[in-house]
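Worksheet for the structure shown next.
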Amino acid sequence: MDMVLIPLFLAIALGVGLYARVIPQGNGGWWRFAAAAVALAVAARLAGHGWAAILLASAAEFLAVGMVWSGGTAESRAAARKYLTAVALAALCGWTALALIQLGAVRPAAPWDRLAVALLLVSVALKLGLVPVYFWLPAVARASSAMTTALIVAVVDVGAFCELLALRDAAPWIFVDFAPLWIGLAVVSLLGAALLALAQRELKPMLAFSSIDDMGYLLLGLVAGGADGMAGAWFGILGHAMGKIVLFGAVGAAEWHLGRAVTLDDRGLSTPLPVASAAFMLGALGFIGIPPTLGFIGHWRLYLAGAELGGPLLLAVLYASSAMALLCYVRAIHRVWLGPVEAPVAGRPLPRAAALVLLSFAIAPVLFGLAPNGLRPAAEPHPHVAELPIEPAGGVK
Amino acid sequence: MTFVTLPILLLLGGFVLQLLLARLLTPVGKGVLATAAVFASFLATLPLVPAGMTGIAMEAPLLPVWDGPFSLALRIDGLSVLFMLMGTGIGAAILLFSVRYMEHEEQGTTRFYAIMLVFIAGLLLLASAADMLGAYVAWEVIGLCSYSLVGFWYNQRAATDGARKVLVITHLAGYGFLIGLVLVYSRAGTLVWTDPAVATAFTSGVAALFIVAAMAKSVMFPLHTWIPEAMNAPTPVSALLHSACYVKAGVYLIARMYVIGDGQWQAALEVPLLAVGCVTILVGVIFAMAQTDLKRLLAFHTVSQLGYIVVGLALGTDLGLAAGLFYCLSHALFKGTLFMCAGAIQHATGTRDLRELGGLATAMPGTAKVWIIAAASIAGVPLTNGFVAKWLLFGAALDKGLLVVVLVGWIGSILTAFSFLKATVNAFYGVPSKAMLGRPVHEASPSMLAGMGSMAGLCLLFGLAPQLLMVPVVAPAVRSLGFDWAVQMSWLGILTDRGSIAMTVGGVVVLASAMLGLLVYRLAQAPASGLVSVYSGGEPLPAGDRPGAVDFAEMAEHAFHPVYSLDPDPAYLRIWRSLTRVAGAAQTAAGAVFENRPLLAIGLVAVAALAGVWLV
């Protein structure tokens, strides 16, 4: 049983539930779809790594489409259609590929092995919304409530990425023999999404592009493999999940306060919403990978993976992406949150329960950044993290 | 817990107490608690000095189980002790000053004191981290603390703009440190500073990356432009940022690099680093001369002074390192003092604009005395630690035959003296400006005077008897970097092992001149103070008139006009605008092709994937 992801998903479900009770995220349909999606994602983790887990995770993705659809507006239905297209095609490609390789147990003869890898590439790109097939994620972010996108990114996508981590262990040839393709996909997503995030004026799509950028990083760690690459991907995905709940939650709080979408034209929200502001800043710092957050624990290893995979050139790419992410988040923090209020709005205050959720998810990555070993599964070591050798206390590697 | 980790743990304990007692304590109580924590940390650092003198490096785990195979471990040598003493000593004086300075702050004092404590703890961790990863964590913690403190008044645009600039410039350059350590780890499999494998992996390219990171933290040209914008923070923050905890992080990193492979990187990077240091000396002081805001003036002098320190370190000799490190400590003392004086002036008058100040020596005699000592020190006036620092630095440069460096340092010193003459005259002497008339001006409180006075006193003490600092602190630091240096220093910074009669005579002449001047002043029965005509370099001004801050600034701008075009900010702004234009164009293109036509995007990926798997 996965002793890290299951508690994390349950904590996210609890947090989002509390948040959604005080800051409505959707109608009754939304609650049902959200609860079912998280339940299936948890069930997929409980099922281990096999067809049952794959099918449960796919079902969670389809239910997440329902969450978007339940918004009821023309825009949300259009976004749901886009998302459904991505999920359906990703599932089709993914299942076919996994059937060809028998969940990683065999490497089929040529040309079937190549076909399987091509299908997997398409499936992964669609599921995670990587560049250039990212079309559904910004659309969902624009059309849905903040926590809808947060759940998709932090639970559904994280579950999909963890399936990929399992596949990395089971069938390393998929990533090692075809590394240039995976690296290419990661680099295009890293740079493309970071650049597109800079172009956004609305905060929710900006966060969506930032997620895509982060997935590019994580994919690099996965392709690099080894103790450092896999640990980077593992800690990175956990930081990603917690960070996105905080960031989308803070933006959702600002929307609740303003009664409309938050854009870069808004000013001084830290005065009416200090807790949301602090949470957004902490979440952003974690996402950028600044110590002592969990984001740093993942990021520095992903840099290491980049150095091992592509030397100084890939490090330069990672630097460019990190720099753009920093500029993007700093601009959002300083234009939207900090500074004087230019046009005071008699908006609604942040409810205590929502503030508690935001603070909990903002502080958790800092605490786990100081004690990341707490995220190692106790009873049944996660295969990826188990690769990390632990030296006696006090030793410095 | 051992006595090695105690200084850091005391600060972190103070941080926890600040949070726990936030609702119980008044702003003054929080200040006293923070001061006590830092002072206790300073006292806990003192026992580390003897071990540093004997050349023993003390090791202890701070966080034994951290991240898989990595722990946060400490290794304290002479260099660590120097920076730890500086951080806690200066920090204690600044926090003592803060007690009264911050007492009227309506909100945020818990945040202020808590972050100040973590800030100092960050410097201690940086200085004592056994490996590069621990040092990088501390490096970024310091960066985050400065970001939060500079933006303390987060609903004021000027403060948040300053904070943004601090974060962006120092963090973007700080990736050099991260990328450097990643390259070292990927080659050596270890990040321990003293590991021989690290020495092999530490190429001059990696060293250059580290230096870029250090340049941004230590405000080297052209990465210095964040520092004048950071002046909208509370003055204790500016004092700590400039004197001990932030700009000195880069100095530490450059010095620490000497333990790697006996400083083999220095041969390749000596000339560029010296060039950067020299340009920084001149650019900083020339920009300072044009300022009329007291804190901005001090900020640009920080730039210039850091140039001196980096030049000392770049020389790569025992005396150069000693000069750089002694300068580092001296700068912490006089710059911290100057900032606190500026804060006391702002606290008393409500302004720090030199055009609106004047005649403060009457209302604030204590502050004026403290200011004059610190100003004399930064200008390199004999009997102060600033003189000793420059004396050593010039000696080290002359030893290497680098006359250009001496010339640059000398010009920089003259301009510094000129700039501080302007600031001193405009703030403390003459008649109060029209803006000041009717404003009740009060002397700084006793605790504020104690904070800045104690540091000014040390400026004089270490100017008269630098061996008190050199023997137990600076020399062990130099030796910990692999230089076998037996310091032989006498009063006023005269090096007795150099055998230079000229230096000895010079020192005696300086002392005799000062005594003679004092004697003449006494014998001549100094007249009562009053308004006199001022010789301004041309026609004497009529009695009662004097060259004001604006006159000085305009004169500097006229004389050094081409230098002011060396401001790199417009170039940074052009890069940012180009980037946002490219991003906008990318969004337009990607929106039309990929977002609005998903099937096209899917088709492209499918074709690329199929083609790719057959090509790989």
Side-chain angles (χ1 to χ4, degrees), chain A residues 82 85 89 114-115 117-118 121-122 125-126 132-136 138-139 177-178 180-181 184 192 195-196 198-200 231 268 270-271 285 290-292 296-297 300 303-304 307-308 315 319 322-324 326-327 330 334 338-341 370-373 388-391 393-397, chain B residues 61 63-71 73 130-131 133 136-137 140-141 143-144 151 154-157 160-161 163-164 167-168 171-172 175 178-179 182-183 185-186 189-192 576 579-580 582-584 586-587 590 593-596 598-599 601-602 604-606 609-610 612-614 616:
Chain A
K82 280 186 176 178
T85 307
L89 278 174
R114 291 174 189 275
L115 182 64
V117 172
L121 272 164
V122 175
L126 279 166
V133 285
Y134 62 86
F135 57 87
W136 63 270
D177 294 356
F178 298 89
L181 295 177
L195 197 61
L196 291 171
L198 268 177
Q200 306 306 310
S270 62
T271 303
L285 294 173
I290 293 183
F296 170 71
I297 302 293
W300 90 267
Y303 264 76
L304 194 59
E308 285 166 4
L315 277 178
Y319 173 73
S322 298
M324 284 193 278
L326 174 78
L327 292 171
V330 167
H334 283 264
L338 301 180
V341 183
L370 291 170
N373 290 337
L388 284 173
I390 300 181
E391 289 187 354
V396 179
K397 189 175 176 183
Chain B
L63 204 57
V65 181
W66 177 39
D67 175 15
F70 295 97
S71 62
D131 62 17
L133 194 62
Y136 181 75
V137 170
E140 290 295 346
V141 166
L144 272 187
Y154 60 82
N155 47 16
Q156 292 180 12
R157 174 63 60 202
T160 58
D161 283 352
R164 175 173 56 186
L167 183 68
V168 169
H171 191 74
L172 287 183
Y175 277 117
L178 178 62
I179 293 173
V182 160
L183 286 171
Y185 187 72
S186 65
T190 175
L191 289 169
V192 176
W576 166 245
L579 185 62
T580 49
V582 170
Q587 169 63 29
V593 178
F594 300 135
E595 283 187 53
N596 297 336
L599 292 179
I602 296 167
L604 278 174
V605 167
L610 282 168
V613 290
W614 261 273
V616 168

Heavy-atom pair with the smallest gap, counting every atom of Val616(B) and Arg114(A):
O-NH1, 3.5 Å
Can you find a pair of side-chain heavy atoms, one from Leu115(A) and one from Val613(B), that are under 4.5 Å apart?
no
Report yes if some heavy atom in the side chain of Leu172(B) is under 4.5 Å from a heavy atom in the side chain of Leu326(A); otherwise report no.
yes
Could you measure the distance from the CG atom of Asn373(A) to the CH2 atom of Trp66(B)? Nearest 0.5 Å is fine.
10.5 Å
Quick check: do Leu126(A) and Ile602(B) have side-chain heavy atoms less than 4.5 Å from each other?
yes
Return the minimal non-hydrogen interatomic distance between Leu181(A) and Ala609(B), and the atom names on each side.
CD1-O, 4.5 Å
Residue selection (most heavy-atom pairs with chain B, distance under 4.5 Å) from Gly192(A), Gly184(A), Ser322(A)
Ser322(A)
Side chain, backbone, both or neither: which part of Ala323(A) has an atom under 4.5 Å from a heavy atom of chain B?
both
Can you tell me how far NZ of Lys82(A) sits from CD of Glu595(B), rounded to the nearest 0.5 angstrom?
6.0 Å
Determine the minimum heavy-atom distance between Ala307(A) and Val182(B), stating which atoms define it.
CB-CG1, 3.8 Å
Contact part of Pro180(A) toward chain B, heavy-atom cut-off under 4.5 Å: side chain, backbone, both or neither?
side chain
Side chains of Phe296(A) and Asp67(B): closer than 4.5 Å at any heavy-atom pair?
no
Under 4.5 Å to a heavy atom of chain B? For Leu338(A) that would be both
With only heavy atoms counted, which part of Leu198(A) is less than 4.5 Å from chain B, the side chain, the backbone, both or neither?
both
Should Leu195(A) and Val582(B) count as side-chain neighbours, where that means a heavy-atom distance under 4.5 Å?
yes
Of all of Ala139(A), Ser270(A), Gly268(A), which one pairs up most often with chain B through heavy atoms under 4.5 Å apart?
Ser270(A)
As an exercise: rank Gly339(A), Ala371(A), Pro138(A) by heavy-atom pairs under 4.5 Å with chain B and give me the winner.
Gly339(A)
Might you point out which heavy atoms bring Arg157(B) and Pro340(A) nearest each other, and give the distance in Å?
N-CD, 3.7 Å
For the residue pair Ala199(A) and Ala583(B), what are the closest heavy atoms and their distance?
CB-O, 3.3 Å
Closest heavy-atom contact between Val330(A) and Arg164(B)?
CG1-CG, 3.3 Å
Taking the ring of Phe594(B) and the ring of Phe135(A), is the distance between their centroids below 6.0 Å?
no
Tell me, do Pro598(B) and Trp136(A) make a side-chain contact under 4.5 Å, heavy atoms counted?
no
What part of Trp576(B) gets within 4.5 angstrom of chain A, counting heavy atoms only: side chain, backbone, both, or neither?
side chain
Could you tell me if the side chain of Leu610(B) sits less than 4.5 Å from the side chain of Val122(A), heavy atoms only?
no
Minimum side-chain heavy-atom gap Tyr319(A)-Leu178(B) below 4.5 Å:
no
Pair Leu285(A)-Leu144(B), side-chain contact (heavy atoms from CB on, under 4.5 Å): steps then yes or no
CA-CA 9 Å; Leu285(A) 294 173; Leu144(B) 272 187; 3.5 Å; yes
Walk me through whether Val133(A) and Leu604(B) qualify under side-chain contact (heavy atoms from CB on, under 4.5 Å).
CA-CA 9 Å; Val133(A) 285; Leu604(B) 278 174; over 6 Å; no
Are the ring centres of Tyr185(B) and Trp300(A) closer than 6.0 Å?
yes
Spacing of Asp161(B) atom CG and His334(A) atom NE2 [to the nearest 0.5 Å]
8.0 Å
